[in-house]
Amino acid sequence: MWYWQGCKSDPYINFMSKNYPPDFRYEDFGPLFTAEFYNPQQWASILKESGAKYVVLTSKHHEGFTLWGSKFSWNWNSLDVGSKRDLVGELANAIRENTDLHFGLYHSLFEWFNPLFLTDKNNDFQTSYFPNSKSMPELYEIVMKYRPEILWSDGDGDAPCTYWNTTGFLAWLYNESPVKDIVVTNDRWGSGCICKHGGYYTCSDRYNPGHLLPHKWENCMTIDKRSWGYRRNALISELLTIEELIQELVETVSCGGNLLMNIGPTHDGRIPVVFEERLKQMGTWLQVNGEAIYSTKPWRAQNDSVTPGVWYTCRPQERSLYALFLNWPTNWKITLGEPRSWRGMTEVQLVGCQEKLKWLPIGEKGMIVSLPRLSPAQMAVRWGWALKITHLKEVVQAAGPQTKFDFL
């Protein structure tokens, strides 16, 4: 909608002119959003197989169409138009009945072309017609109706949090709402809030700082490099490979972040098979290497000082250190420059294999590990590996903040 009617991008204008009637409006897409193949139980199964611990559904984006029958979005919601279904409620039920995933909802505060929002904007946000009658009532509505455990706010429209009255809403959310004891929120609640205030930080789309932050954060990114939504004309070269996704996951977790990996479903309710494949590949990898990811903490060193592409996580309670590496060395040996090993005491294993690996120390800090001579067919996964290192000379301690979001 924005590229066509907002910034009026020529490729979008030309596409609409060539393929749709002259009087076709964006609102005419509503009845075409039919979701006839939408199977929430199938979605829940795919998401469970991906190894995800939480899911966030876009309940409303910047065009204002709600995926539930909102009382505050008359005739511009999925119950009144198109599918005639409560798409949010059906997925919430399927997730809770068939998986142990935490259910979350994305909600856009502003709407590109809503007349009430545009009136407030023209008044320099000194009036609050839009948040009082549309956006805030929707937020209260989805919390009371669907009880999300994650509330992912977005789209402040350059308006301050005082215009949105988000502090009032968040006070209610954390003190009085039905999810007050379990809910987690992000940092997009008004201009100037992002990366400064929030249960966890998102900072920007596809945010991956590559170093430890003093606050819990999330890398919200897309499998499709060019779009958050489904593109019929997407090329395979424009989609991240499983190797690239594993790298994104490893780097993010090593630096104390969570990975929110976006997929774009179709108008008829399907998860495209290439996205399904990526999700299931991620799940396969996590089945083997999940102990180096789930419930781990950042270590004193996030990545190795000698070998590129090696990232660390740890489990302080178990005194275990994990070195995750993305390239299998051709000489079957990997040099780790950070661990302080103890000759005769330190043990190293390739996660997924039982045998103890041979290693040699290199000075006060560092070690050379001999990897098992496995053929590709013998490897449980081939997109990245993890070494588990125990009985180090140093105490394995977590670095960075520990927050409510860690349970995810």
Side-chain angles (χ1 to χ4, degrees), residues 49-51 240-255 259 277-396:
E49 287 187 68
S50 76
L240 293 177
T241 65
I242 185 57
E243 290 86 356
E244 291 171 321
L245 291 171
I246 296 297
Q247 179 177 347
E248 198 79 24
L249 173 68
V250 167
E251 291 181 5
T252 297
V253 174
S254 295
C255 295
L259 186 70
E277 180 187 52
R278 293 290 188 275
L279 291 172
K280 291 183 176 180
Q281 287 173 325
M282 183 70 83
T284 298
W285 189 86
L286 285 166
Q287 281 182 345
V288 176
N289 296 292
E291 67 175 271
I293 298 294
Y294 297 129
S295 301
T296 59
K297 307 297 180 187
W299 192 45
R300 62 168 174 80
Q302 284 72 68
N303 57 328
D304 196 64
S305 55
V306 174
T307 303
V310 175
W311 297 81
Y312 293 103
T313 62
C314 68
R315 289 178 176 271
Q317 300 89 338
E318 302 170 14
R319 299 181 179 180
S320 300
L321 176 67
Y322 294 91
L324 298 110
F325 57 104
L326 305 170
N327 297 297
W328 191 273
T330 55
N331 65 353
W332 308 91
K333 297 181 187 295
I334 186 167
T335 301
L336 305 177
E338 286 299 323
R340 293 186 172 95
S341 57
W342 205 322
R343 188 186 290 271
M345 292 289 292
T346 299
E347 295 182 349
V348 184
Q349 284 179 278
L350 182 69
V351 174
C353 296
Q354 294 297 319
E355 67 175 291
K356 301 291 192 297
L357 302 181
K358 295 179 180 180
W359 60 272
L360 293 172
I362 47 173
E364 177 65 22
K365 189 174 70 169
M367 58 198 307
I368 300 174
V369 179
S370 297
L371 298 173
R373 290 186 171 272
L374 302 174
S375 68
Q378 292 174 305
M379 293 181 181
V381 290
R382 287 173 277 174
W383 310 308
W385 304 266
L387 294 174
K388 181 179 182 180
I389 309 171
T390 55
H391 306 299
L392 286 165
K393 188 180 293 186
E394 59 187 310
V395 177
V396 177

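As the structure is a computational prediction, the values presented were derived from the model and not from experiment. What you see below is based on every heavy atom in this structure, not just the backbone, and it leaves out hydrogens, waters and symmetry mates.
T346 contributes atom OG1, which lies 9.5 Å from atom CD of E394 (distance to the nearest 0.5 angstrom). Atom-to-atom distance recorded for R343:CZ and L360:CG is 7.0 Å, nearest 0.5 angstrom. Here the straight-line distance linking atom CG of L336 with atom NZ of K365 works out to 12.0 Å at 0.5 Å rounding.
In this structure, Q247 and L326 approach most closely via the heavy-atom pair CG-CD1, 3.4 Å. Considering all non-hydrogen atoms of both residues, V306 and G337 come closest at CG2-CA, 3.6 Å. Contact record, Y312 with A301: CB-O, 3.4 Å, taken as the closest heavy-atom pair. Residue L324 comes nearest to A292 through the heavy atom pair CD2-CB, 3.9 Å, listed as atom of the first residue, atom of the second, then distance. Of all the heavy atoms in P372 and E355, the pair that sits closest is CB-OE2, 3.8 Å. Closest of all the heavy-atom pairs between H391 and W342 is O-CB, 4.0 Å.
Under the 4.5 Å side-chain criterion, counting only non-hydrogen atoms from C-beta, M367 is in contact with V348.
Applying the 6.0 Å contact sphere to CZ of R319 captures no more than 12 heavy atoms from other residues, nucleotides or ligands.
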side-chain contact (heavy atoms from CB on, under 4.5 Å) assessment of W385 paired with V351: CA-CA 7 Å; W385 304 266; V351 174; over 6 Å; no
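Not one N or O on the side chain of Y322 forms a donor-acceptor pair closer than 3.5 Å with the backbone of N289. No donor-acceptor distance shorter than 3.5 angstrom exists from the side chain of S254 to the backbone of E251, with no hydrogens or angles considered. No side-chain donor-acceptor contact under 3.5 Å links Q302 to the backbone of W311.
When each of I334, N327, V250, T335 is tested with V310 by the rule side-chain contact (heavy atoms from CB on, under 4.5 Å), just one qualifies, namely I334.
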